[in-house]
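What follows is a short report on a single structure.
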Amino acid sequence: METPDLLPDLPGRGELVRRYAHLLHHFGKEIGSRPLVRQNAEFFPDRFDKDAPSVERLVRRLQTHAGLLDVPIGVRVLPLELAEAGTNASKSCGSGACGTGCGTPSVSESGAVARLEEHASGWTLNVFDAELHHPVALTTQLALALAEIFLSETSSAQAPVEAPRGVSRDLACVALGLGSLVLEGSYIYSKSCGGPSVTRLTELSVGELAIAQSLFIALRRVTTRRSGRGALSELSTTQRALLGEANDWAHSNASLVAQLAANPGQLATRAPQVREARSWLLRVFERSPAAAAADELPELPLDLPAQAVPQRAPRPRTREQEELAALVEEALRG
């Protein structure tokens, strides 16, 4: 079984910062200010019945969170066999299971149906029926597809998408607020009769995505003064541990995060030097006066008024105590 990835080394983290800066530099205006989407009823209140209308509602909900509701996207549910090479795609819509945009799906030279199809009126997003029974796989694939659509709609010669495209797509998911979804899909642990196994649906590893998600959370804290405390609550064990560690690292590189927020173009061409995570106490002592003033913990006033100590009434002494006191007094006089 594949073991959980650790966080990347410092040069790897610096390269992730550079690539994330490149993404924000070229596509930041189109991305806008996105919420930290989490896997709970606040962000996904719709009932899911494992059918085409449910998938369509889910896609619309994700489009809303990612700021892509203006992009026409049709949703089509297909048999899983069509995702495999060599399958006849002409059988696709005979069952009536398709959602909006139903029609014969296009296939690659190998015979496999593509996840996304672009046409004159917009896009068609193909979802395979087996994915309806696996929430993590479904939401991960939908998030990745939306990020791919975003890059295709906004990229140009002046705003290029860095290769490998899969890495840029994963980072776009994070920037669009869908990082928690793909973080879950980067390390899917399962048990079966053959033993435990791990599936990864993303290009980036779970450790790399944890670093990217920590940058999103730190930038959101800088730009909106909103913390990312709730980001850990719905995650699986491995993802929660790595994101917690990554958040500590991002806090330890506060000046780099501030630069990423103010001018990502300065970081987009060369991987910056990053430092290891430091303890909370060391970070407090290394903060600048301006950063310290903006800290969430209020400073205690130095001139606290003295508080009077309440005086207790003396308790009456027992007979034994009175006799002992008399003996001590007599001994002292003698």
Does the side chain to side chain donor-acceptor pair (under 3.5 Å) test come out yes or no for Thr140 and Glu184, once each step is laid out?
-> CA-CA 8 Å; Thr140 298; Glu184 282 291 281; over 6 Å; no
Full working for side chain to side chain donor-acceptor pair (under 3.5 Å) between Gln266 and Gln259 | CA-CA 8 Å; Gln266 291 181 343; Gln259 185 179 3; 3.1 Å; yes
Tell me, with the steps shown, if Ser54 and Asp46 meet side chain to side chain contact (heavy atoms under 4.5 Å, CB included).
-> CA-CA 8 Å; Ser54 296; Asp46 308 304; over 6 Å; no
Apply side chain to side chain contact (heavy atoms under 4.5 Å, CB included) to Leu58 and Thr139, showing your working.
-> CA-CA 8 Å; Leu58 178 58; Thr139 53; 4.3 Å; yes
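Note on Glu208 versus Arg19: no salt bridge recorded, every NZ/NE/NH1/NH2 to OD/OE distance being 4.0 Å or above. By the 4.0 Å N-to-carboxylate-O rule, Arg115 lies too far from Glu148 to be salt-bridged with it. Contact check on Glu203 versus Arg165 returns no salt bridge, with no Lys/Arg side-chain nitrogen under 4.0 Å from an Asp/Glu carboxylate oxygen.
At least one side-chain heavy atom of Ile73 sits under 4.5 Å from a side-chain heavy atom of Arg60. Side-chain contact check for Phe48 versus Pro135: every heavy-atom pair is 4.5 Å or farther apart. Taking 4.5 Å as the limit, every side-chain heavy atom of Val127 sits out of range of all side-chain heavy atoms of Gln141. Using a 4.5 Å heavy-atom cutoff, the side chains of Leu68 and Glu153 are not in contact. Residues Leu256 and Pro272 have side chains in contact (heavy-atom distance under 4.5 Å, counting atoms from C-beta outward). Side-chain atoms of Arg13 and Glu276, non-hydrogen and from C-beta on, do get closer than 4.5 Å to each other. Phe27 has its side chain within reach of Ser155: a pair of non-hydrogen atoms, C-beta onward, lies under 4.5 Å apart. Proximity of Val37 to Phe44: side-chain heavy atoms (C-beta onward) are separated by under 4.5 Å at one or more points.
Proximity of a side-chain donor or acceptor of Thr124 to a complementary backbone N or O of Gly74 within less than 3.5 Å is not detected. Counting only distance, with no hydrogens or angles, the side chain of Asp49 and the backbone of Asp51 share no donor-acceptor pair below 3.5 Å.
Residues Ala261 and Val222 share a closest heavy-atom pair of CB-CG1, 4.1 Å.
Within 6.0 Å of CD on Gln273 lie no more than 12 heavy atoms contributed by other residues, nucleotides or ligands.
Classification of the His22-His26 ring pair by plane angle, with boundaries at 30° and 60°, yields tilted.
In this structure, the separation between CG on Leu138 and CG on Leu181 is 10.0 Å, given to the nearest 0.5 Å.
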